[in-house]
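To keep things clear, I will list the structure first and then write my remarks on it.
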Amino acid sequence: MAGKRHRGWRTFLTNKYLKDKEKIFVEYDPEYPVKYAIFITEEEWVAFVAQRRDENFKKVSATNRERASNPTYAYKKGRLGYARLEEKILDETKSDATSLPPHVLWKEARVGKDGTVRDDVQHIYDECETLSQSISTAEDQENRSVLSRALNVPEYPGRVRGKGHGCTPTSLYKNPRRRNPSNQEVMETLQALQAQVLQLQKDNERYRCMEKCSSQLKETSEKASINCQNKFPEGISSCQLYLSSPTYRLVGKGKVHNTSGDLLHHRPLPDGHLKVSVDVVLDKDALLPIPDIVSETTLLRDAIGSFVAWPLDLIFIDDETPTKPASKDKGILRHNESVASQKEVFAQGSQQLSQKIGSRQKNKRDLPVTSLPKKGAFVPRYQISLETLVDSSDMATAGAIRLLDMEEDIFGYSCTETIGKEDLEHIFRHQELGVGVIHTYIRFLYDNFMRGNDQLSNRFRFVSSSLVNKALICREPDSCREYLVKRFMASSTNNLYLWPYNSECHWLLLAIDPLKEVVYFLNSIDGEWTNYPDMKQLVDTSIKVFRSQRQARVPRTKSSNITWIKVQCPLQRNGIDCGYFVMRFMREVINMNQIEIPITYFDEYKCAHYTRLQLEQIKEELCQYFIEKRLISI
């Protein structure tokens with residue numbers, strides 16, 4: 001109603017002061033209406049006159065006036081209005097209804113005094129009747145009404161066609177106003193969806209395994225019953241059991257039975273598999289590679305003490321586990337040992353290993369590459385040792401944490417990084433990494449490569465992902481920019497700032513040279529920096545502010561050109577490895593000791609994809625660092 005009154009007021013001023021008696025705009029400047037000085041200032045009056053005399057305004061006004069003077073479906077009730085017309089119809093029909101459908105009222109408003117109805121109006125009414133039978137009330141409210149559909153015109157928000165002025169969808173349909181969900185409700189919905197996706201993934205994995213089992217059993221030839229493989233020693237040997245899906249990980253221990261003509265539950269073994277007895281389960285949620293159709297077992301934990309088929313390439317002989325006693329008095333037969341005693345012996349060995357590592361000299365910069373067993377299979381020794389230490393400490397309980405001090409030289413401010421049990425589980429299970437693990441690896445690089453090495457410590461700096469990430473850039477861009485500028489101002493020579501950037505669902509690495517105004521973009525999923533506009537704008541703005549504060553002179557032609565270089569770095573082949581790739585990128589950049597990163601990456605590390613072993617070496621360094629720092633103790 002206020003908008004309608006305001007439009008009428010502006011039309012009144014136009015007709016009275018800007019037009020003559022023939023409704024034609026006057027050529028001279030109209031006088032300022034002193035009578036309405038309390039409502040209109042002189043500046044507002046000048047702007048109003050200019051707007052009304054604008055040719056575009058006149059054109060739009062003429063078009064609207066012509067359309068209003070000759071409507072397609074003319075209203076025939078004069079000043080009666082929709083509301084009073086509806087009351088009149090309800091009184092005459094003595095109906096108990098409180099309102100009429102919009103299309104019924106619309107039709108009655110277009111009936112002349114003689115009571116005749118035009119054919120086009122009757123056609124619209126009939127079409128509304130047909131549509132009303134096929135469209136529900138909810139759909140009518142959510143989208144366009146049946147009247148708008150029949151007329152084939154858009155429905156303006158906040159109004160109901162055919163009901164008159166002041167009628168809104170809320171008042172007509174008695175619907176409560178919609179409320180945006182709270183953050184807690186959104187998170188609860190997201191968690192429910194994630195749980196459904198996880199369950200679907202497990203069901204799909206189980207279904208694929210059963211299909212694989214059925215197909216392999218059908219294709220097994222008579223030769224499959226003779227499964228004495230040269231890769232494994234003949235007979236019974238202790239082994240470690242791995243799975244490659246959804247992540248490559250150690251899931252249990254047992255014994256592999258490599259004997260000629262061996263059968264599994266009176267059936268030949270599938271090609272590429274051996275019979276294994278399960279003794280220890282390390283991953284309680286692990287699925288069997290091939291479900292046991294006889295016992296309908298699909299989980300590894302349900303197969304303890306029984307035999308299952310296991311792929312050859314996921315079985316590794318445990319060389320350190322004795323299969324025979326050294327003498328009559330010493331030694332343990334591992335297949336007769338209980339699960340609890342095995343864990344106790346392994347924990348004692350891990351404690352001795354950690355004490356041995358703790359006495360290692362701290363001035364060594366290059367950590368030894370994890371040794372490979374005789375059979376050529378990689379064994380993550382530090383991961384197994386650390387996992388055993390975690391299971392034997394208070395970190396085994398949910399919510400347990402460890403604190404790691406981060407010196408001021410690392411991020412430009414002193415802070416404490418929190419490491420939880422979940423962070424360690426992500427490493428052990430090769431899952432997506434959080435900022436705590438990334439920062440711990442940065443502390444490892446600082447301690448083992450840069451501490452005491454003035455050349456490296458003066459050349460390379462780090463940016464904290466806790467202070468600058470996508471969430472904070474959107475919420476507190478000024479604080480993020482201030483931190484970056486302050487970090488850049490701390491350098492007096494050419495520095496390369498390594499920034500692991502977290503876009504909430506992906507890790508990538510930015511290597512920033514603020515003096516040369518060059519940004520190296522290392523993304524393991526082959527994306528462009530244009531996909532991260534908030535991040536790019538923050539970096540560009542921070543470099544420009546840094547340029548201004550150090551009073552650098554830049555040619556006008558280059559004042560806005562900050563060089564971004566997309567490095568052709570190794571690419572990941574799944575949706576999990578981005579954090580591990582970023583850690584290895586940082587290690588290789590520091591190890592090469594170069595400010596400039598080649599666009600095709602370093603020749604020494606150039607490859608299409610990192611191998612699993614290259615990523616496992618990063619995890620081994622992390623786990624070894626946890627043990628050396630004695631962050632986990634029994």
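Taking Glu387 as the reference, Arg429 meet the salt bridge (charged side-chain N to carboxylate O under 4.0 Å, His left out) condition, with sequence neighbours excluded. Scored by the ring-ring contact (aromatic ring centres under 6.0 Å, His included) test, Phe307 finds His257 as partners (sequence neighbours excluded). Listed by chain and residue number, Glu596 satisfy the side-chain hydrogen bond (donor to acceptor under 3.5 Å, both in side chains) test with Lys516 (two or more places apart in sequence, or in another chain). Under the rule for a ring-ring contact (aromatic ring centres under 6.0 Å, His included), Tyr520 has no partner lying at least two apart in sequence or in another chain. For Asn574, the side-chain hydrogen bond (donor to acceptor under 3.5 Å, both in side chains) partners at least two apart in sequence or on another chain are Asp577. Among residues two or more places apart in sequence or in another chain, the salt bridge (charged side-chain N to carboxylate O under 4.0 Å, His left out) test is passed with Asp285 by Arg301. Partners of Gln431 according to the side-chain hydrogen bond (donor to acceptor under 3.5 Å, both in side chains) rule, which considers only residues two or more places apart in sequence or in another chain, do not exist here. Applying the ring-ring contact (aromatic ring centres under 6.0 Å, His included) rule to His426 yields no partners; only residues at least two apart in sequence or on another chain are considered. Every residue two or more places apart in sequence or in another chain was checked for a side-chain hydrogen bond (donor to acceptor under 3.5 Å, both in side chains) with Trp529, and none qualifies. Residues passing the ring-ring contact (aromatic ring centres under 6.0 Å, His included) test with Phe626: none are found, sequence neighbours excluded.
Interatomic distance, CG of Asn448 versus CZ of Arg587, reported as 9.0 Å (0.5 Å rounding). Note that OG1 of Thr416 and CG of Leu404 are 8.5 Å apart. Values are rounded to the nearest 0.5 Å.
Counting only residues at least two apart or in different chains, salt bridge (Lys or Arg N to Asp or Glu O under 4.0 Å) contacts with residues 520-540 comprise Lys470-Asp534, Asp526-Lys566, Glu528-Lys566, Lys536-Asp540. The ring-ring contact (aromatic ring centres under 6.0 Å, His included) analysis of residues 494-517, with sequence neighbours excluded, yields the pairs Phe488-Tyr497, Trp499-Tyr501.
Under the 3.5 Å distance criterion, with hydrogens and angles disregarded, a donor-acceptor pair is assigned to the side chains of Tyr441 and Glu621. Side-chain N/O atoms of Arg459 and Asn593 include a donor and acceptor closer than 3.5 Å. The closest side-chain donor-acceptor pair between Ser464 and Tyr413 falls under 3.5 angstrom.
For Ile304 against Asp279, the heavy-atom pair with the smallest separation is CG2-O, 3.9 Å. Shown here for Ile525 and Leu571, the closest heavy-atom pair between the two residues is N-CD2, 4.3 Å.
Salt-bridge formation is not detected for the pair Glu482/Lys486: no Lys NZ or Arg NE/NH1/NH2 atom is positioned less than 4.0 Å from an Asp or Glu carboxylate oxygen. A salt bridge is absent between Glu588 and Lys606; no separation between the charged side-chain nitrogens and carboxylate oxygens falls under 4.0 Å.
Atom CD of Glu425 has more than 12 heavy atoms from other residues, nucleotides or ligands within 6.0 Å.
When each of Gln383, Glu628, Arg381 is paired with Cys623, the side-chain contact (heavy atoms from CB on, under 4.5 Å) condition holds for Gln383 and for no other. Applying the side-chain contact (heavy atoms from CB on, under 4.5 Å) test between Val468 and each of Pro477, Cys480, Ser542, Pro500 identifies Cys480 as the sole match.
Phe585 and Phe581 have perpendicular rings, their planes meeting at more than 60° on a 0 to 90° scale where under 30° would count as parallel. Relative ring orientation between Phe411 and His439 is described as tilted, the plane-to-plane angle lying within the 30° to 60° band.
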